[in-house]
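In what follows, chains are A, B, ... by sequence order, proteins preceding strands, each numbered from 1.
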2 protein chains.
Amino acid sequence: MKPKITIKIIAKELGVSTSTVSKALRDSHEISIETKERIKAYADYYNYRPNNLALQLRNQKTKVIGIILPKIVHHFFSTVISGIEKVANERGYNIMVCFSNEQQQKEIETINVLTNGSVDGLIVSIAKESLRNKELNHFYNLIENEVPLVLFDRVHNSIECDSVIVDDIGAGYKATKHLINIGCKNIGIITTPEHVTVGLDRLQGYERAIKETGIKIDKNLIINVDEDEDIHSQIHKLFDEKIDAVFAVNEIYAATAIRIAKEKGMKIPEELSVVGFTDGLISKYSSPSITTVVQHGFTMGEQAADLLIDRIENDKKERTPQTKVISSNLKIRESSKS
Amino acid sequence: MKPKITIKIIAKELGVSTSTVSKALRDSHEISIETKERIKAYADYYNYRPNNLALQLRNQKTKVIGIILPKIVHHFFSTVISGIEKVANERGYNIMVCFSNEQQQKEIETINVLTNGSVDGLIVSIAKESLRNKELNHFYNLIENEVPLVLFDRVHNSIECDSVIVDDIGAGYKATKHLINIGCKNIGIITTPEHVTVGLDRLQGYERAIKETGIKIDKNLIINVDEDEDIHSQIHKLFDEKIDAVFAVNEIYAATAIRIAKEKGMKIPEELSVVGFTDGLISKYSSPSITTVVQHGFTMGEQAADLLIDRIENDKKERTPQTKVISSNLKIRESSKS
DNA sequence: TATCAACACGAAAACGTTTTCGTAGCATTT
DNA sequence: AAATGCTACGAAAACGTTTTCGTGTTGATA
């Protein structure tokens with residue numbers, strides 16, 4: 001990389017001091033018009049632009065937001081990034097993206113690296129392993145050190161910080177209610193293991209909707225998918241039961257259910273209605289297209305970024321932590337009869 | 001954010017100079033064992049970690065790679081990021097991700113911001129608008145200033161830098177050849193406008209495969225999709241022709257083609273075989289699952305990162321620009337008969 | 001003519017770190 | 001007793017900015 005032109009160089013070449021150059025470039029009244037013009041012309045000609053690192057060190061702020069995600073190859077997360085980036089950009093920030101790969105150790109290391117002065121604050125969705133172990137000390141430390149922090153989607157209420165979440169209970173309720181309304185009687189649910197909060201919440205919404213109809217919850221209709229095992233065969237078990245509808249807590253489970261149903265010769269939506277979660281490309285482009293709970297990842301990202309930047313820029317006024325609940329809505333497509 | 005402990009503070013508290021503290025923490029032989037232990041104990045107790053900004057300014061390197069993508073909500077690009085991040089991480093770098101949103105102006109601005117000292121090098125996939133306008137001055141400037149740069153996927157051969165590309169011609173050939181081999185006679189292709197190189201290359205591969213069979217290219221079987229218009233209706237026109245196979249240059253075109261075929265009552269793969277591009281989730285989970293050219297985005301990311309970091313760290317020895325061609329292979333699924 | 005303000009600029013500190021060089025104090029050698 | 005060599009540390013510069021404060025020169029005022 002070619003050395004870049006600096007204020008120092010300009011000062012030396014023009015026979016003035018660095019203070020004069022700095023002031024001239026910022027159009028200070030302290031500098032005479034002629035000098036200003038001379039300096040500006042020179043700077044312009046050599047395409048001077050101030051060095052960011054120097055500014056960051058001096059101003060003690062980086063204008064960078066750190067983002068730590070469990071993974072990125074996932075429609076929801078990339079959508080969130082997109083939302084964060086939009087707001088960050090508008091408010092003069094850049095984003096530095098890292099991944100925990102769902103591993104607690106990498107989450108800890110990444111937090112360490114980023115908080116050594118590289119970023120002004122963090123937006124995080126917690127790794128599964130950390131949630132499972134309930135080992136959240138690295139987050140408590142952030143709070144302790146007053147590092148601006150916003151959690152989203154995968155959060156934990158023992159961590160006192162701003163957060164942005166989906167109304168998962170409400171969403172599970174809405175999805176199930178929709179299936180009930182179109183006349184389904186035996187509704188299975190495909191969800192995550194219990195330590196994943198989002199799956200648990202969606203299940204709660206499901207149970208509430210079912211109970212309202214007076215029907216008893218049938219444990220056999222609840223599948224907790226363990227992602228370390230074969231997904232297909234786990235979901236397959238649900239089809240041993242008599243079902244006329246499936247609520248899946250993500251796109252992939254939904255698509256897999258549809259595939260199994262087709263293999264069994266079940267017609268969709270005539271014999272089986274399916275509702276998924278996350279409005280990604282699979283739901284939109286598979287045939288039949290899949291009715292889903294749309295998760296507004298973009299909005300979540302925007303809100304998270306706004307919360308974080310507000311927090312960063314109002315360091316003085318200690319606001320009590322806020323939780324923004326993003327309500328989701330149902331996008332009805334071909335996989336559920338209307 | 002709480003003020004962090006610095007070498008200065010340690011020095012003052014312990015009544016020594018900053019040089020002594022710095023040397024002690026780096027275990028220099030210049031410092032007596034007792035002093036070293038005293039300083040280390042203190043630093044440890046207060047959890048001292050060196051400030052990254054200061055190091056970056058002093059070392060004149062950031063250990064950060066800038067990534068500029070046209071968009072992120074796209075399986076291919078997020079896969080590439082994933083690959084870049086993996087290698088970057090292994091080699092001690094972080095990534096700073098920005099988006100051009102396909103706009104030339106934002107691409108220019110982003111490059112400007114990142115090259116003001118925030119990153120050691122750039123990995124970029126060029127925005128459509130820049131390619132269409134053939135306005136690539138901002139890239140020529142990077143070369144001029146010897147900024148380490150790696151382009152991937154959307155590249156341009158007038159820019160003299162390392163690059164990582166897919167063998168799109170070969171891929172188009174392979175996909176078409178497969179359709180010919182399974183007995184298809186009238187193969188349509190759904191591709192992009194001509195200024196998008198990848199689409200053009202894939203079309204070339206298609207044409208080569210067709211010509212090899214002795215059949216003449218039928219212009220009516222070539223659809224150039226303009227993404228500003230309605231995709232569905234443009235693709236629909238292809239079905240006015242007599243076709244028994246479709247090669248689509250991306251997942252979405254493929255899925256759309258399948259949808260239209262189904263609407264028309266055509267059986268897949270019996271009456272129509274479909275091959276897509278990009279091995280994303282749609283292809284995998286739609287039913288029928290879609291035969292695709294798998295694009296190895298992860299590998300591309302890894303290679304790009306390795307090229308860039310090599311370039312950054314061997315600033316002296318001027319290597320001539322390299323181009324890595326990642327060959328793609330066909331993943332045969334249900335949408336093409338075997 | 002002495003005083004004072006305005007003008008235009010420079011010196012220096014600050015941000016946090018590393019590294020080169022210098023040196024005080026002591027012990028060893030001639 | 002003088003010269004030499006270690007040991008253990010400190011001063012200062014460097015990275016590139018911004019900003020506070022000081023100051024020499026000019027011109028106007030009393």
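- In the helix from C/dT1-D/dA30 to C/dT30-D/dA1, the terminal helix axes, each the rotation mapping four pairs' C1' atoms onto the next four within five end pairs, subtend 90°, rounded to 10°.
- When the salt bridge (charged side-chain N to carboxylate O under 4.0 Å, His left out) test is applied to A/K23, the partners found at least two apart in sequence or on another chain are A/E30.
- Among the atoms of the strands shown, base atoms are found under 4.0 Å from some heavy atom of A/E30.
- Among the heavy atoms of the strands lying under 4.0 Å from A/T6 are primed sugar atoms or P, OP1, OP2 only; no base atom is included.
- By the side chain to side chain donor-acceptor pair (under 3.5 Å) test, A/R132 is found to be paired with A/H195, residues two or more places apart in sequence or in another chain being considered.
- Heavy-atom distances under 4.0 Å link DNA chain C to no residue of residues 39-53 of chain A.
- With a heavy-atom cut-off of 4.0 Å to chain B, the contacted part of DNA chain D has its first and last nucleotide at D/dA8 to D/dG16.
- Between A/F76 and A/H74, the ring-plane angle classifies as perpendicular under the 30° and 60° cut-offs.
- With no hydrogens or angles considered, a side-chain donor-acceptor pair links B/S32 and B/T35 at under 3.5 Å.
- With A/S130 as the partner, the side-chain hydrogen bond (donor to acceptor under 3.5 Å, both in side chains) test is satisfied by one option alone out of A/E107, A/E135, A/H156: A/E107.
- Closest-nucleotide positions on DNA chain D for A/S19 and A/K4 were compared, and the one nearer the 5' end corresponds to A/K4.
- A/D162 places a side-chain heavy atom less than 4.5 Å from the side chain of A/R319.
- Taking for each of B/E34 and B/Q60 the nucleotide of DNA chain D with the nearest heavy atom, the 5'-most of the two is the partner of B/E34.
- Heavy atoms of B/S32 sit under 4.0 angstrom from primed sugar atoms or phosphate atoms, though from no base atom.
- Contact detail for A/N94 and B/V113: the closest heavy-atom pair is ND2-CG1, 3.4 Å.
- Side-chain atoms of B/R311 do not come within 3.5 Å of backbone N or O of B/L149 as any donor-acceptor pair.
- Taking each heavy atom of B/V150 and B/S163 in turn, the nearest pair found is CG1-CA, 4.3 Å.
- Taking SG from A/C161 and CD1 from A/I123, the interatomic distance works out to 11.0 Å, rounded to the nearest 0.5 Å.
- In this structure, the side-chain contact (heavy atoms from CB on, under 4.5 Å) partners of B/E109, at least two apart in sequence or on a different chain, are B/Q105.
- For A/T18 and A/K36, each mapped to the nucleotide of DNA chain C holding its nearest heavy atom, the one lying further toward the 5' end belongs to A/K36.
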